[in-house]
Amino acid sequence: MYDVIVVGGGISGLLSALVLGKHGKKVLVLEKRKYLGGNCNSYRVDGFQVDTGPHAITHLQKGPLRVLMDRYFDYIPAFIDYGTYYSRTSDGIKPIPSNLREFVTFDVLPKKDRLMLSQALTRALTLFTFGIDMSKESVYSRLPHNLSEDTYNFVDTISYFLSGKSMKETSIYRILEGSSFVRDSVMYETQDQTITDQLAEQITNITSLGRLVTNKTASAQAYPRGGLKTLLGSVLHSLPDNVEIRTDTCVKQILTDGGKAYGVSTDDESYRADTIVHSGFAKDLPSMITDLPADYLRDLRRIDQARGLCIWLGLSKQLKEFDYIGSEIWFKEKAYWAMPISNYSHTIAPKGKQLVGFMFAVKDSVKSEKRRAWETIHRVFPDIEKYIEMTHYQVTIPEKASVSIEGYIPGVRTPVKDLYLVGTDAVARSMGITRAAFSVIDLLKCVREDGYLKP
Ligand SMILES: Cc1cc2nc3c(=O)[nH]c(=O)nc-3n(C[C@H](O)[C@H](O)[C@H](O)COP(=O)(O)OP(=O)(O)OC[C@H]3O[C@@H](n4cnc5c(N)ncnc54)[C@H](O)[C@@H]3O)c2cc1C
């Protein structure tokens with residue numbers, strides 16, 4: 001008998017196990033794969049160390065992961081400043097503007113369009129500041145209607161980057177939040193004074209029109225030295241002895257009785273616990289629990305997801321095109337987000353070589369998307385083929401629920417007593433690993449409120 005069973009050993013499941021374990025709970029983590037970490041992982045391919053997709057970890061100075069690291073980690077990984085987001089054109093790379101001042105000189109887009117976009121951004125931020133809900137209005141709906149095709153493509157690419165969806169499906173709020181124009185204003189009522197104080201102190205600088213001038217998108221973003229596996233390693237090293245982990249163990253059923261969860265079962269065994277934390281896909285719940293309420297089932301069907309194709313290229317030398325720290329987007333034809341990650345750590349590629357990850361949205365079949373992705377890579381870097389030593393593909397779902405206008409985000413609490421959700425489909429705030437960390441802080445809040453952890 002355990003206090004808590006965590007289904008899934010990705011970063012959100014392991015962070016949940018860490019937090020509850022450090023509060024003295026006896027925790028069992030069940031992971032269906034042979035390895036831990038889920039999408040927060042790195043592995044070797046022909047001498048190059050690839051991550052599960054290119055990563056920039058956001059809100060690291062002041063944010064949920066920082067709070068969890070400061071409070072629960074025994075060992076905190078070293079982070080390297082993320083650098084700059086660039087836009088690539090046939091003339092080379094140019095920093096992507098993150099405030100109006102920088103926008104003025106962003107001559108990648110026509111001057112008239114820049115002016116109109118600046119006005120649209122100022123208007124949206126003003127409305128938001130006055131309390132207008134921008135979470136159901138699409139980015140496209142607020143754009144002027146006589147912009148150039150390049151400008152629409154640029155905005156569409158940024159939308160895909162921030163929500164995994166097109167500008168017609170992405171909300172204005174998501175764009176403002178993802179570009180750091182607005183900060184999350186939700187107070188952290190965890191009943192844990194230390195966490196509340198720490199986060200309250202950090203979340204002081206909420207939305208302000210002043211950010212139109214001073215905003216810096218890339219600040220407080222970083223990449224873990226040594227790769228994503230370093231972050232995973234530091235969570236694993238910090239786990240107390242009362243956390244037990246079993247890999248290669250797929251949970252098939254979450255056992256409930258009278259609307260209360262009391263355990264899980266695999267093909268061979270069942271395990272009992274007072275509380276179950278599910279960190280797999282919330283979309284999977286209907287196949288794991290027999291008696292979910294009909295309205296919850298209907299909502300879970302509305303969860304929206306986007307797929308991504310990552311093409312890792314191991315290059316035989318460091319190309320001058322990738323001589324920068326940060327990442328680049330290409331927004332014409334088939335858009336990409338690319339990151340030369342070996343520039344962060346020498347151990348990622350063999351000496352003198354380079355590793356670059358190209359990330360594409362998958363809207364069609366993987367086969368046709370691969371073909372189009374290669375067409376773009378060859379168009380943008382006509383000579384690259386000569387230097388490719390290693391090619392590695394990953395097709396993934398980067399976030400378990402896209403924050404799109406029509407999509408549904410279930411939240412940490414479920415209609416089943418003592419069953420909670422964590423992960424990138426449990427909260428809408430922020431992105432990726434930061435979003436996963438937000439869900440773990442929300443979990444802590446819920447279990448305290450439900451009397452399961454002492455204040
Ligand atoms: C290509 C790509 C690019 C990304 N870029 C960024 C970025 O730039 N910045 C950023 O912060 N984040 C980024 N992310 C997202 C980030 O990696 C994820 O948000 C994060 O790792 C998700 O963690 P998770 O624990 O919520 O989910 P997952 O990693 O999906 O973990 C869930 C785990 O549960 C296990 N599981 C599921 N069902 C069961 C079951 N029934 N029984 C047992 N185990 C089960 C799975 O095997 C998995 O290990 C990116 C992700 C990808 C794929």
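No experiment lies behind these values; they were computed from the predicted model shown. Along the sequence shown, the residues carry numbers beginning at 1. Just follow the structure's listing: the first ligand is 1, and inside any ligand the first atom is 1.
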Taking the six-membered ring for Trp, are [X] and [Y] ring centroids under 6.0 Å apart?
X	Y	answer
His392	Tyr43	yes
Phe79	Tyr82	no
Tyr387	Phe381	no

> Between Arg413 and Asp450, is the closest basic N to carboxylate O distance under 4.0 Å?
Replying inline: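 Salt bridge between Asp450 and Arg413, a charged N being under 4.0 Å from a carboxylate O: yes.
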
> Is the closest side-chain donor-acceptor distance between Thr256 and Asp291 under 3.5 Å?
Replying inline: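 The answer is yes; a qualifying pair exists.
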
Give every pair made of an N or O atom of ligand 1 and a protein N or O atom lying under 3.5 Å apart, one pair per line with both atom names and the distance to 0.1 Å, or write 'none'.
| from | atom 1 | to | atom 2 | distance (Å) |
| --- | --- | --- | --- | --- |
| ligand 1 | 5 (N) | Pro54 | O | 3.1 |
| ligand 1 | 8 (O) | Ala56 | N | 2.8 |
| ligand 1 | 8 (O) | Ala56 | O | 3.4 |
| ligand 1 | 9 (N) | Ala56 | O | 2.8 |
| ligand 1 | 11 (O) | Ile433 | N | 2.8 |
| ligand 1 | 12 (N) | Ile433 | N | 3.4 |
| ligand 1 | 14 (N) | His55 | NE2 | 3.1 |
| ligand 1 | 17 (O) | His55 | NE2 | 2.7 |
| ligand 1 | 25 (O) | Ile11 | N | 3.2 |
| ligand 1 | 25 (O) | Ser12 | N | 2.9 |
| ligand 1 | 25 (O) | Ser12 | OG | 2.7 |
| ligand 1 | 26 (O) | Ser12 | OG | 2.9 |
| ligand 1 | 26 (O) | Lys400 | NZ | 3.2 |
| ligand 1 | 27 (O) | Lys400 | NZ | 3.4 |
| ligand 1 | 29 (O) | Asn39 | N | 2.8 |
| ligand 1 | 41 (N) | Val251 | O | 3.0 |
| ligand 1 | 42 (N) | Val251 | N | 3.0 |
| ligand 1 | 44 (N) | Lys32 | N | 3.0 |
| ligand 1 | 47 (O) | Glu31 | OE2 | 2.7 |
| ligand 1 | 49 (O) | Glu31 | OE1 | 2.6 |
| ligand 1 | 49 (O) | Glu31 | OE2 | 3.2 |

Tell me which donor-acceptor pairs under 3.5 Å the side chains of residues 225-232 have, and how far apart each pair is, sequence neighbours excluded?
| from | atom 1 | to | atom 2 | distance (Å) |
| --- | --- | --- | --- | --- |
| Thr230 | OG1 | Arg225 | O | 3.0 |
| Thr230 | OG1 | Gly226 | O | 3.4 |
| Thr230 | OG1 | Gly227 | O | 2.9 |

